[in-house]
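Here the structure is laid out as structure tokens; the discussion comes afterwards.
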Number of protein chains: 2
Amino acid sequence: MTQALGIPRSLGEIYGLLFATPQPLAFQDIVDRLKMSKGSVSQGLRFLRTVAAIKPVVVTGDRREFFEPVIELRQLVSGFLRERLNPQIETWGTRAKALKPTDFALETLSEDDRETLDSRLDKLKTWQKRAGLVLPMVSKLLG
Amino acid sequence: MTQALGIPRSLGEIYGLLFATPQPLAFQDIVDRLKMSKGSVSQGLRFLRTVAAIKPVVVTGDRREFFEPVIELRQLVSGFLRERLNPQIETWGTRAKALKPTDFALETLSEDDRETLDSRLDKLKTWQKRAGLVLPMVSKLLG
DNA sequence: CCGTGTGTTCATTTTGAATTGAACTCAATG
DNA sequence: CATTGAGTTCAATTCAAAATGAACACACGG
């Protein structure tokens with residue numbers, strides 16, 4: 001599933017292991033069970049934390065950090081949107097606003113050409129607006 | 001933008017070129033302008049066609065196939081959902097249905113463990129249902 | 001403070017996906 | 001039917017992203 005969204009398989013594996021394990025797991029557990037390097041697991045957990053797909057659990061009397069999966073679809077999706085999609089959409093949007101049809105003029109443009117480029121740039125801005133509007137709704141619909 | 005969705009940069013480039021060009025372009029135009037191999041362009045165009053991000057245009061008196069970008073956000077998004085996300089969700093869903101808590105039993109499970117696994121499997125099925133419900137709505141909201 | 005266990009960092013290596021390019025098919029044209 | 005140009009296919013290559021692993025912090029307990 002993650003692969004279809006451009007997220008590395010290993011992250012899916014870590015999440016999957018946590019999901020399939022009733023008890024919270026510690027760093028080393030994951031390394032052992034998945035036979036992954038500590039480096040990978042460290043980076044993987046960091047990412048999963050920033051997108052809020054897992055949550056740390058404190059086990060008293062144990063120095064280690066344990067992790068549990070977040071299982072609310074809404075949280076998973078909005079984490080992905082927030083961390084992955086929104087940043088892209090924003091930079092893309094601000095760059096789009098700066099564009100003018102003449103930026104494309106590799107040859108001189110006919111009046112018709114100018115018009116189609118104008119309307120396409122408009123589209124770009126519309127996309128931007130719609131995305132900003134709809135993505136938050138998606139999270140809510142899933143909640 | 002495409003990269004955030006796990007779509008190769010080159011596809012974004014082809015689409016971008018078509019988007020930035022008022023006239024429809026032919027295969028060879030794209031190869032020349034982007035300095036890409038024919039193989040890449042061929043596969044790229046195929047993908048863009050299957051997700052309906054571009055449409056072929058017939059220019060009378062010219063043997064070549066020309067292409068125009070599809071600029072409706074709704075079509076672009078639903079193409080992506082249909083070709084990339086839905087297939088994954090389906091196979092994932094059918095596999096999830098076949099799972100039972102005992103499939104996870106690497107050690108013997110306590111009653112508590114069985115319960116949490118049960119509830120997680122339920123979640124999995126809920127996800128599946130919600131996704132099937134919400135994704136089509138997304139396309140509509142964008143249209 | 002020293003040792004031990006936990007987790008991080010980052011330069012190197014690996015790997016798998018994307019790209020290339022040569023060989024090919026297929027249509028149209030003279 | 002040869003020829004030319006358009007586009008496809010697919011094995012080999014490239015390359016960037018991900019994984020590794022050794023060196024490094026950091027905290028805690030003795």
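Everything numeric here is computed off the predicted structure, so don't read it as measured data. Heavy atoms only: backbone and side chains are in, while hydrogens, waters and symmetry mates are out.
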Open item on the list: Could you tell me how far apart Q43(B) (CD) and dA17(C) (P) are, to the nearest whole angstrom?
Closed with: 14 Å

TODO: For R9(B) and for S42(A), find the nucleotide of DNA chain C with the closest heavy atom, then tell me which residue's nucleotide is more 5'.
DONE: S42(A)

Open item on the list: Expressed as a whole number of angstroms, how long is the span from L5(B):CG to dA17(C):P?
Closed with: 18 Å

Task: Closest to side chain of R63(A), choosing from dT8(D), dT6(C), dA19(D) - done: dT6(C)

Task: Most 5' of G39(B) and F67(A) on DNA chain C, judged by nearest nucleotide - done: F67(A)

Open item on the list: In this structure, how many angstroms lie between the P atom of dT19(C) and the CE atom of M36(B), rounded?
Closed with: 6 Å

Task: Side-chain donor-acceptor pair present, Q28(B), D32(B), cut-off under 3.5 Å - done: yes

Task: Rounded interatomic separation in angstrom, taking CD1 from I14(A) and P from dT20(D) - done: 10 Å

Task: Separation of dG5(C) P from Q28(A) CD (nearest whole Å) - done: 11 Å

Open item on the list: Can you measure F66(A) atom CZ to dT6(C) atom P for me and round it to whole angstrom units?
Closed with: 9 Å

Open item on the list: Is the phosphate of dT8(C) approached by R49(A) (side-chain N or O, under 4.0 Å from OP1 or OP2)?
Closed with: yes

Task: Spacing of L45(A) atom CG relative to dT9(C) atom P, expressed in whole Å - done: 12 Å

Open item on the list: Does this structure show an ion pair linking R49(A) with E65(A), if we count only N-O contacts that are shorter than 4.0 Å?
Closed with: yes

Task: Distance below 4.0 Å between S40(A) side-chain N/O and dT20(D) OP1 or OP2 - done: yes

Task: SB check R114(A) D118(A) (cutoff 4.0 Å) - done: yes

TODO: For Q3(B) and for S37(A), find the nucleotide of DNA chain D with the closest heavy atom, then tell me which residue's nucleotide is more 5'.
DONE: Q3(B)

Open item on the list: Tell me the closest heavy-atom pair linking V134(A) and L142(B), and the distance in Å.
Closed with: CG2-CD2, 3.8 Å

TODO: Report which part of the nucleic acid R64(B) touches: base, sugar-phosphate, or nothing (heavy-atom distance under 4.0 Å, all strands).
DONE: sugar-phosphate

- [ ] Check whether any side-chain nitrogen or oxygen of R46(B) sits under 4.0 Å from OP1 or OP2 of dG7(D), and answer yes or no.
- [x] no

TODO: Would you mind reporting whether V51(A) and F80(A) have side-chain heavy atoms less than 4.5 Å apart?
DONE: no

- [ ] Measure the distance from CG on L48(B) to C1' on dG7(D) and round it to the nearest whole Å.
- [x] 16 Å

